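Keep in mind the model is a prediction, meaning the values are calculated, not measured. Order of listing sets the numbers, starting from 1, for every ligand and every atom in it.
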Amino acid sequence: ERLPPGSLGLPIIGQSLVFLRELKANTAEKWLEERVTKYGPVSKLSLFGKPTVFIHGKAANKFVFSSDSRAIANQQPDSFRMIIGERNVLELSGEDHKRVRDALMSFLKPECLKQYVEKMDREVRRHLELHWEGQQMVTVLPLMKTLAFDMICSLLCGIEHGSRRDDLSTCVKLLVDGMWSVPLNFPFTRYYRGLRASARLQNMLKDLVREKRVELEQEGVSSHQDLISCLVSIRGQDNGESLSEDEIVHNVVAVMFAGQETTATLITFIIRVLANEPAIYAGVVQEQEEIAKGKVPGELLTWEDIAKMKYTWKVALETLRMVPPVFGGFRKTLKDIEYGGFIIPKGWQIFWATRMTHMDGGIFEEPSKFDPTRFENQASVPSYCFIPFGGGPRICPGYEFAKIETLVAIHNLVTRFTWKLCCNDDGFSWIPTPVPPKGLPIEIMPKKTLRI
Ligand code: HEM
C-alpha cells in the first residue's frame with residue numbers, strides 16, 4: 001500500500017507507446033513534468049513490459065547514481081543484452097562490473113589517451129578531406145557518426161581504413177538498428193537482422209582478438225596500442241585473472257555502441273550552436289585560431305593544445321546540458337527499497353531522466369539561455385545536477401575520449417570552414433538520441449587555413 005502514486009496502464013504495453021511517441025515529438029519531458037505535477041517526484045508507470053518508478057530531482061539522481069550495488073543494479077532492455085552480449089559492462093554488477101570497467105579504464109584514462117591526440121587529429125583531417133572539402137552542402141549528423149565510428153575503429157580496435165572497417169561499419173549500423181526495435185525474432189525483422197549482424201561482428205572481433213594476441217606475443221608491440229590489445233594483455237590485481245574472449249568481444253561491441261552516436265550528437269549540436277550564437281562562435285574561433293597560429297604547417301594537435309581549449313569545452317558542456325545525448329536510463333531493484341516515503345518493490349525498474357534536471361530553473365538560472373559561463377567554475381554546479389555522463393561508479397568511462405574527439409573535431413572545423421544552417425528549425429527529436437531536423441544540413445565555405 002506504500003507503492004508510489006500513478007497507474008501501470010494496460011498490461012504489457014503500459015505507457016511504452018505513449019512514451020516513445022512523446023520522445024519522437026520531443027515532448028517526453030513535458031509529459032514527465034505533467035506526471036511530476038500530478039503525482040509528485042516519485043510515481044509509478046509501466047515501461048517496456050516492466051513495472052517502473054520514475055524519480056526526478058537532485059535527490060533522485062543521487063539515489064540512482066550512488067546507491068549500493070547490492071540494492072540497485074543496472075537494467076537494460078533484454079534486446080540490449082541479446083545483441084551486445086551478456087558479458088558487457090552495462091550488464092555486469094558488483095565485483096564483475098568493477099573488474100571489466102577497470103580493464104576498460106586502463107585504456108580510456110587520460111594518462112593513456114593523451115598519447116593519441118595526434119592520431120585523432122589525423123582521423124579528423126582525413127574525414128574532412130574525404131567528406132567536407134570540395135562540398136557546398138553537407139548533412140552533419142550522419143557524417144559525425146562516420147567520424148565517431150572511424151575514431152573507435154582506429155583507436156579502440158586498431159583497425160585501419162579498408163574493407164574490414166567497412167564490414168564492421170555495416171554490422172554496427174544493423175546492430176544499433178536492431179537494439180532499438182521491438183524484440184521479435186522472425187526473419188526480416190529489424191531485431192532479427194540486428195542479432196545476425198551482432199553474430200557476424202563478434203566473429204570478426206574474435207579474429208581480431210586472436211591476431212592481437214599473436215602480435216603481442218611475437219612482435220612485442222605495445223599493449224597500449226589500442227583498447228583490444230590492452231584488454232588482451234590485462235591481468236587482474238593478483239596478476240592472474242585475465243578477461244575471457246567473450247568479455248573482450250562483448251565489451252568492444254558495447255564501446256562501439258556507447259561511443260558512437262553519443263559523441264556524434266554532441267559535435268552535431270555544437271555545430272548548430274556555433275551557427276546560431278555569433279558571440280559564442282567568436283569566442284571559440286578566437287581560442288582555436290590562437291592555437292592554430294602557434295603551429296607550423298602539417299603539425300598535429302597535442303595534449304597540451306587540448307588543455308588550452310578551455311572555452312570550447314565550456315561550450316561543449318553547455319551543449320550537453322541543453323541537449324544531452326542520453327535521455328536517461330534504467331536501474332532495477334534487487335530488493336524492496338524505500339525511497340521518498342514509498343516502497344519500490346524488488347524487481348521493479350527505476351527510470352531517471354537527464355534533461356529535466358538540466359532545465360530546472362531552481363538549479364540552472366534561466367535554463368533556456370545558452371550560457372557557457374555557467375561552467376566557469378565547475379565546482380559551483382551542485383553535485384548530481386549536471387548528469388550528461390551519469391554519475392557514481394557507472395559514470396561514463398568514455399568521458400575523456402569523447403572530450404578529446406570533440407575538441408579535435410571542433411578545432412579542425414572552425415579553422416577550416418565557415419557554415420550556415422540550411423534549416424532554421426531549432427527543435428530536435430529523440431530517436432532515441434537527439435536528432436536535429438533533417439540531420440542538420442549546412443552550407444559550408446572553406447576558410448583560408450592557418451595550418452594544413
Ligand atoms: C558525449 C559523449 C557521451 C555521452 C554523453 C555519454 C553518456 C553516457 C551515460 C549517460 C552513461 C550511463 C551512465 C549510468 O548509467 O549511470 C554512459 C555509460 C557508458 N559509456 Fe558513455 N557517453 C559518451 C561517450 C562515450 C564514449 C566515447 C565511450 C567509449 C569510448 C563510452 C562508453 C560508455 C560505456 C562503456 C558505458 C557503460 C559504463 C558502465 O556501465 O560502467 N561513452 N555514457
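- Side-chain atoms of Asp167 do not come within 3.5 Å of backbone N or O of Arg164 as any donor-acceptor pair.
- Looking only at heavy atoms of the protein, atom 11 (C) of ligand 1 is closest to Phe389 O, 4.2 Å.
- Here the protein heavy atom with the shortest distance to atom 41 (O) of ligand 1 is His97 NE2, 2.7 Å.
- Considering only non-hydrogen protein atoms, atom 12 (C) of ligand 1 sits nearest to Arg394 O, 4.4 Å.
- In terms of protein heavy atoms, atom 37 (C) of ligand 1 is closest to Leu90 CG, 3.8 Å.
- Annotation for ligand 1: atoms under 4.0 Å from non-hydrogen atoms of Val255 are 29 (C), 30 (C).
- Cation-pi geometry between Arg321 and Phe386 is not met at under 6.0 angstrom from the ring centre and within 45 degrees of the axis.
- Protein heavy atom in closest approach to atom 23 (C) of ligand 1: Thr262 OG1, 3.5 Å.
- Heavy-atom separations between Pro397 and ligand 1 include at least one value shorter than 4.0 Å.
- Between Thr263 and ligand 1, not a single N/O pair is under 3.5 Å apart.
- Residues Gln288 and Thr415 approach most closely at O-CG2, 4.0 Å, considering heavy atoms.
- The shortest contact between atom 5 (C) of ligand 1 and any protein heavy atom is with Pro388 O, 3.5 Å.
- Atoms of ligand 1 found under 4.0 Å from any heavy atom of Phe65 (numbered from 1 in listed order, with element): 16 (O).
- Shortest contact from atom 32 (C) of ligand 1 to any protein heavy atom: Ala258 CB, 3.5 Å.
- The atoms of ligand 1 that sit less than 4.0 Å from any heavy atom of Val326 are 7 (C), 10 (C).
- When all heavy atoms are compared, the tightest approach of His224 to Cys112 is CD2-SG, 3.5 Å.
- At a 4.0 Å heavy-atom cut-off, ligand 1 touches Phe401 through the side chain alone.
- Using a 3.5 Å distance cut-off with no hydrogens or angles, the side chains of Ser93 and Asn74 do not pair a donor with an acceptor.
- The single protein non-hydrogen atom nearest to atom 42 (N) of ligand 1 is Cys396 SG, 3.0 Å, given as residue, atom name and distance.
- Ligand 1 places these atoms under 4.0 Å from at least one heavy atom of Arg331: 14 (C), 15 (O), 16 (O).
- Side-chain N/O atoms of His56 and Trp352 include no donor and acceptor closer than 3.5 Å.
- The shortest N or O to N or O distance between Trp352 and ligand 1 is not under 3.5 Å.
- Contact atoms of ligand 1 toward Pro325: 5 (C) (distance under 4.0 Å to a heavy atom of the residue).
- Taking every heavy atom of Ala402 and a limit of under 4.0 angstrom, the matching atoms of ligand 1 come to 2 (C).
- No option in Ile248, Ile83, Leu175, Val172 other than Leu175 meets the side chain to side chain contact (heavy atoms under 4.5 Å, CB included) test with Val253.
- The aromatic rings of Phe351 and Phe54 sit tilted, their planes meeting at an angle between 30° and 60°.
- Under the 30°/60° scheme for interplanar angles, the aromatic rings of Phe327 and Trp430 are found to stand perpendicular.
- Counting all heavy atoms, side chain and backbone alike, Thr265 lies closest to Pro434 at CG2-O, 3.6 Å.
- Taking every heavy atom of both residues into account, Arg101 and Ile395 meet most closely at NH2-O, 2.6 Å.
- Two rings, from Phe269 and Phe428, have their centers less than 6.0 Å apart.
- Against a heavy-atom cut-off of under 4.0 Å, Gly259 is close to the following atoms of ligand 1: 25 (C), 26 (C), 27 (C), 28 (C).
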